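What you are looking at is a predicted structure, and each value in this text was computed from that prediction instead of being measured.
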Amino acid sequence: MNRKRNVFMLILMMVLSVVSPLNIKAQTIPEERQLPRLVDDGAILTDAEEATILSKLDEISERQQCDVAVVTVESLEGKGVKLYADDFYDFNGYGMGEGDDGVLLLVSMNDREWAITTYGKAIPAFTAAGLSYMEDQFRPLLTDGDYAQAFHTFADHCDDYITQAATGTPYDTGNMPRGAFPFLTRLAMALAIGLIIAFVVVTHMKSQLTSVGFQKAAAAYEKQGSMQIRNQSDLFLYRNVTRRRKPKQSSGGGGMSTGSSGRSHGGSSGSF
């Protein structure tokens, strides 16, 4: 009898050892939340800012039934920023409902990198185009050191994106937030407007020079016999050097990634 029992226990242990890592949350994370929706281990927020941001994150998460979280850390400890964000989400109790739905923004201060990780219904809600637009809104604030406003902006956009996704048409190429233009599009528009204004100004100034006629050669402007050249030599005055700055890769774009748990996440990452 004992021998049969031991064989049964051995088989049971072998089955448990190969259980899919997709069940990791059910196996290792207790029902109660381990960490709050705002974790400021990077110590970049005041107490008042923490309280306000946490209140907003909690309200949005409970209303949308989708976790919206922000985490700051001092260092990535040698990990890639996206993997760090995926693991932080998986191993610290984040995610609501049966699908563990949620989105988390992680910011590493020493590495000057950020990552957004999405899971469950948040993956289709935050498309690559939508994440790119969201980045354009909060990343400049991170760069300027306005961290509290960056996190408020992130939370507000998450609320909007989840609401939009519930209609069946999440924000994506051709269906972006009203008034939204990608950064390069806005830059091109600004340059075009500047060129138009410059053209109008120069054209107006040129129209005032009616008494001046263009001549192909300098001799036409010379009074005959007024200039006599006795000595001449060639002098090197200056040179033109053109340098092109190599663009900085600020974003890793959107895409799927796999955390240490084996679960697949959506999201994006970059530097600030």
Side-chain angles (χ1 to χ4, degrees), residues 22 37 56-57 59-71 80-90 94-108 113-143 149-189 247-259 261-272:
L22 296 179
R37 294 185 176 100
K56 173 177 283 190
L57 295 173
E59 190 279 325
I60 293 173
S61 299
E62 297 299 331
R63 173 166 46 82
Q64 297 283 11
Q65 286 300 289
C66 180
D67 263 341
V68 179
V70 172
V71 176
V81 65
K82 189 61 171 61
L83 176 60
Y84 199 110
D86 292 347
D87 285 353
F88 202 99
Y89 187 97
D90 287 339
Y94 293 101
M96 297 187 70
E98 294 181 358
D100 295 337
D101 309 315
V103 53
L104 180 147
L105 169 64
L106 182 135
V107 177
S108 174
E113 292 185 77
W114 60 269
I116 294 175
T117 182
T118 58
Y119 194 77
K121 73 177 184 181
I123 294 179
F126 294 81
T127 64
L131 287 169
S132 178
Y133 173 69
M134 180 185 290
E135 174 196 344
D136 286 345
Q137 312 311 307
F138 73 77
R139 182 172 55 82
L141 295 168
L142 291 178
T143 302
Q149 188 57 46
F151 299 151
H152 278 293
T153 300
F154 168 76
D156 290 337
H157 278 79
C158 287
D159 191 9
D160 186 24
Y161 278 41
I162 298 168
T163 298
Q164 178 65 28
T167 68
T169 54
Y171 289 131
D172 203 347
T173 303
N175 178 40
M176 297 298 290
R178 181 171 297 181
F181 294 96
F183 172 74
L184 292 179
T185 302
R186 298 199 304 270
L187 179 61
M189 292 176 61
K248 180 180 180 182
Q249 291 294 109
S250 63
S251 173
M256 299 299 294
S257 60
T258 303
S261 68
R263 304 203 305 181
S264 296
H265 291 253
S268 61
S269 61
S271 57
F272 64 95

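- Under the 4.5 Å side-chain criterion, counting only non-hydrogen atoms from C-beta, T258 is not in contact with D86.
- For Y171, the ring-ring contact (aromatic ring centres under 6.0 Å, His included) partners at least two apart in sequence or on another chain are Y161.
- Looking only at distances, no side-chain donor or acceptor of D172 sits under 3.5 Å from a matching main-chain atom of G130.
- Minimum heavy-atom separation, P177 to Y133: CG-CE2, 3.6 Å.
- Applying the side-chain hydrogen bond (donor to acceptor under 3.5 Å, both in side chains) test to D87 and every residue at least two apart in sequence or in another chain returns K79, S260.
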Side chain to side chain contact (heavy atoms under 4.5 Å, CB included) assessment of I116 paired with F126: CA-CA 10 Å; I116 294 175; F126 294 81; 5.7 Å; no
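- Distance alone, capped at 3.5 Å, places no donor-acceptor pair between the E62 side chain and the E59 backbone.
- Between F138 and F154, the ring-plane angle classifies as perpendicular under the 30° and 60° cut-offs.
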Verdict with reasoning, D101 to Q64, per side chain to side chain contact (heavy atoms under 4.5 Å, CB included): CA-CA 10 Å; D101 309 315; Q64 297 283 11; over 6 Å; no
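- Taking CG from L105 and CE from M134, the interatomic distance works out to 9.0 Å, rounded to the nearest 0.5 Å.
- Ring planes of Y89 and Y119: tilted class, angle from 30 to 60°.
- Contact detail for I123 and S264: the closest heavy-atom pair is CD1-O, 3.9 Å.
- Not counting sequence neighbours, the partners of K56 by the side-chain hydrogen bond (donor to acceptor under 3.5 Å, both in side chains) test are H152, D156.
- A side chain to side chain contact (heavy atoms under 4.5 Å, CB included) with D159 is found for exactly one of V68, L57, I60, namely I60.
- Proximity of a side-chain donor or acceptor of S132 to a complementary backbone N or O of A128 within less than 3.5 Å is not detected.
- To the nearest 0.5 angstrom, W114 atom CH2 is 9.0 Å from L142 atom CG.
- Atoms CG and CZ, from L104 and R37 in turn, are 11.5 Å apart once rounded to the nearest 0.5 Å.
- Put simply, the side chain of D90 never gets that close to the backbone of R263: no donor and acceptor are under 3.5 Å apart.
- Here the side chains of S61 and M96 are in contact, with some heavy-atom distance below 4.5 Å.
- Counting all heavy atoms, side chain and backbone alike, K121 lies closest to C66 at CE-CB, 3.7 Å.
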Working for side chain to side chain contact (heavy atoms under 4.5 Å, CB included), residues T117 and L106: CA-CA 8 Å; T117 182; L106 182 135; over 6 Å; no
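- At a threshold of 4.5 Å between non-hydrogen side-chain atoms, the residues Q164 and N175 count as touching.
- The two residues D67 and G95 have their closest heavy-atom pair at OD2-N, 2.8 Å.
- Remark: side-chain polar atoms of T143 are paired, donor with acceptor, to backbone N or O of R139 under 3.5 angstrom.
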S269 vs K82, side-chain hydrogen bond (donor to acceptor under 3.5 Å, both in side chains): CA-CA, chis, key distance, verdict: CA-CA 6 Å; S269 61; K82 189 61 171 61; over 6 Å; no
